Amino acid sequence: ARAILRRLGANPFQQKENECQVTGVFLDMNELWEQFLLQTLFRGMAGHSVQQSRDVLGGHMTIRPDFLWEDKGVVLDAKYRQIWESALRLDGKWSGGLSSEEQKALRENVYQVLAYMLLCGCADGGMIFPVRSSWKCSLTSRIFDPVGPAGQRFWRVPVRIPEAQSYEDFLTEMEREANRLRNLEVIRKIRA
């Protein structure tokens, strides 16, 4: 971000007359979250498409799933939103203490994934989202809800983002978390 600002002639650290003053830089956290997942959890996985538009309903609608493994029947949407952590209890059930606005936002996200599942013919779909390092994730967590009579499942995949003293410690902890997630049934399915 600093390199971009410098090329534009802006210096965020100095405030001189006739020089562009910068008070902030916008970072697309959803895009960064998707890239982070590609470089950690999904690194080396073949057969997936990332953010490719596809026409559906005879070309009357276009969808753009974040991660789609069509041959495995799995579609995942990546959301960098605190609301997903708030909605998930430690026992895997949905939290009941959400405001009506929060419930509406969750419903819209769930409907989006359900539409992806239906339109792409996927049996498994879900949301993959970050949680604080203090959030405890069980290695054997099966966090999914059955969808309809066809045996489809909606997964909630929390990714614990560790706090660390150094970058090397962060990478070590993140690899542990990626290994934990690779044991989830839906992730094992796309890795097979």
Side-chain angles (χ1 to χ4, degrees), residues 26-89 92-96 98-131 137 141-161 177-178 180-192:
F26 175 76
L27 299 174
D28 184 345
M29 290 307 294
N30 285 316
E31 175 68 24
L32 289 175
W33 176 238
E34 290 168 22
Q35 290 302 315
F36 178 77
L37 292 171
L38 280 172
Q39 298 302 316
T40 56
L41 183 60
F42 301 141
R43 181 182 62 226
M45 286 187 184
H48 72 282
S49 64
V50 179
Q51 287 281 329
Q52 291 181 357
S53 296
R54 96 187 298 173
D55 290 331
V56 294
L57 302 175
H60 294 288
M61 182 180 178
T62 301
I63 60 171
R64 193 177 170 125
D66 290 338
F67 300 102
L68 172 62
W69 291 267
E70 199 163 14
D71 60 327
K72 308 286 185 176
V74 178
V75 61
L76 293 174
D77 198 40
K79 293 288 188 212
Y80 189 86
R81 291 188 179 170
Q82 172 74 33
I83 183 96
W84 280 95
E85 179 179 357
S86 300
L88 186 63
R89 294 188 338 202
K93 299 201 183 311
W94 292 88
S95 175
L98 301 174
S99 72
S100 60
E101 289 265 329
E102 291 170 324
Q103 289 176 13
K104 181 181 177 198
L106 283 176
R107 267 194 311 274
E108 288 172 0
N109 290 167
V110 169
Y111 293 157
Q112 178 184 16
V113 172
L114 293 175
Y116 290 161
M117 290 170 68
L118 176 67
L119 294 168
C120 296
C122 293
D124 289 292
M127 196 64 61
I128 185 164
F129 53 94
V131 295
C137 301
S141 289
R142 291 178 24 140
I143 306 171
F144 68 84
D145 297 291
V147 179
Q152 294 178 309
R153 299 177 294 183
F154 181 90
W155 289 85
R156 289 171 288 155
V157 183
V159 179
R160 188 181 64 83
I161 305 299
E177 178 64 1
R180 180 193 73 82
L181 290 166
R182 288 180 187 119
N183 287 319
L184 288 177
E185 185 180 342
V186 69
I187 303 298
R188 281 196 324 261
K189 182 177 180 180
I190 58 179
R191 292 184 65 79

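What you see is a predicted model; the values in this text were computed from it and never measured.
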Grab the two heavy atoms, one from Trp33 and one from Ala78, that are nearest each other, plus how far apart they are.
-> CD1-CB, 3.5 Å

Shortest non-hydrogen contact between Val75 and Pro65, atoms and distance =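 Residues Val75 and Pro65, closest heavy atoms: CG2-CB, 3.6 Å.
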
With sequence neighbours left out, write down each residue that passes side-chain contact (heavy atoms from CB on, under 4.5 Å) with Ala87, or none if nothing qualifies.
-> Trp94, Leu98, Leu106

Once you round to the nearest 0.5 Å, how far does [atom1] of [X] lie from [atom2] of [Y]?
| X | Y | atom1 | atom2 | result |
| --- | --- | --- | --- | --- |
| Ile161 | Thr40 | CD1 | OG1 | 7.5 Å |
| Lys189 | Leu184 | NZ | CG | 13.5 Å |
| Arg153 | Met117 | CZ | CE | 9.0 Å |
| Glu70 | Cys122 | CD | SG | 6.5 Å |
| Leu118 | Gln152 | CG | CD | 7.5 Å |

Heavy atoms of other groups near Tyr80 OH, more than 12 under 6.0 Å =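 Open.
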
Ion pair present between Glu177 and Arg180, side-chain N to carboxylate O less than 4.0 angstrom?
-> yes

Could I get the full list of side chain to side chain donor-acceptor pair (under 3.5 Å) partners for [X], not counting sequence neighbours?
| X | answer |
| --- | --- |
| Trp84 | Asn109 |
| Gln112 | Lys79, Tyr116 |
| Ser99 | Glu102 |
| Lys104 | none |

N/O donor-acceptor pair under 3.5 Å between [X] side chain and [Y] backbone:
| X | Y | value |
| --- | --- | --- |
| Asp124 | Val186 | no |
| Asp77 | Met127 | no |
| Arg188 | Asn183 | yes |
| Trp155 | Ile128 | no |

Determine whether [X] and [Y] make a side-chain contact, defined as any pair of heavy atoms from C-beta on separated by less than 4.5 Å.
| X | Y | answer |
| --- | --- | --- |
| Leu41 | Arg182 | yes |
| Glu34 | Phe67 | yes |
| Phe129 | Arg156 | yes |
| Phe42 | Leu76 | yes |

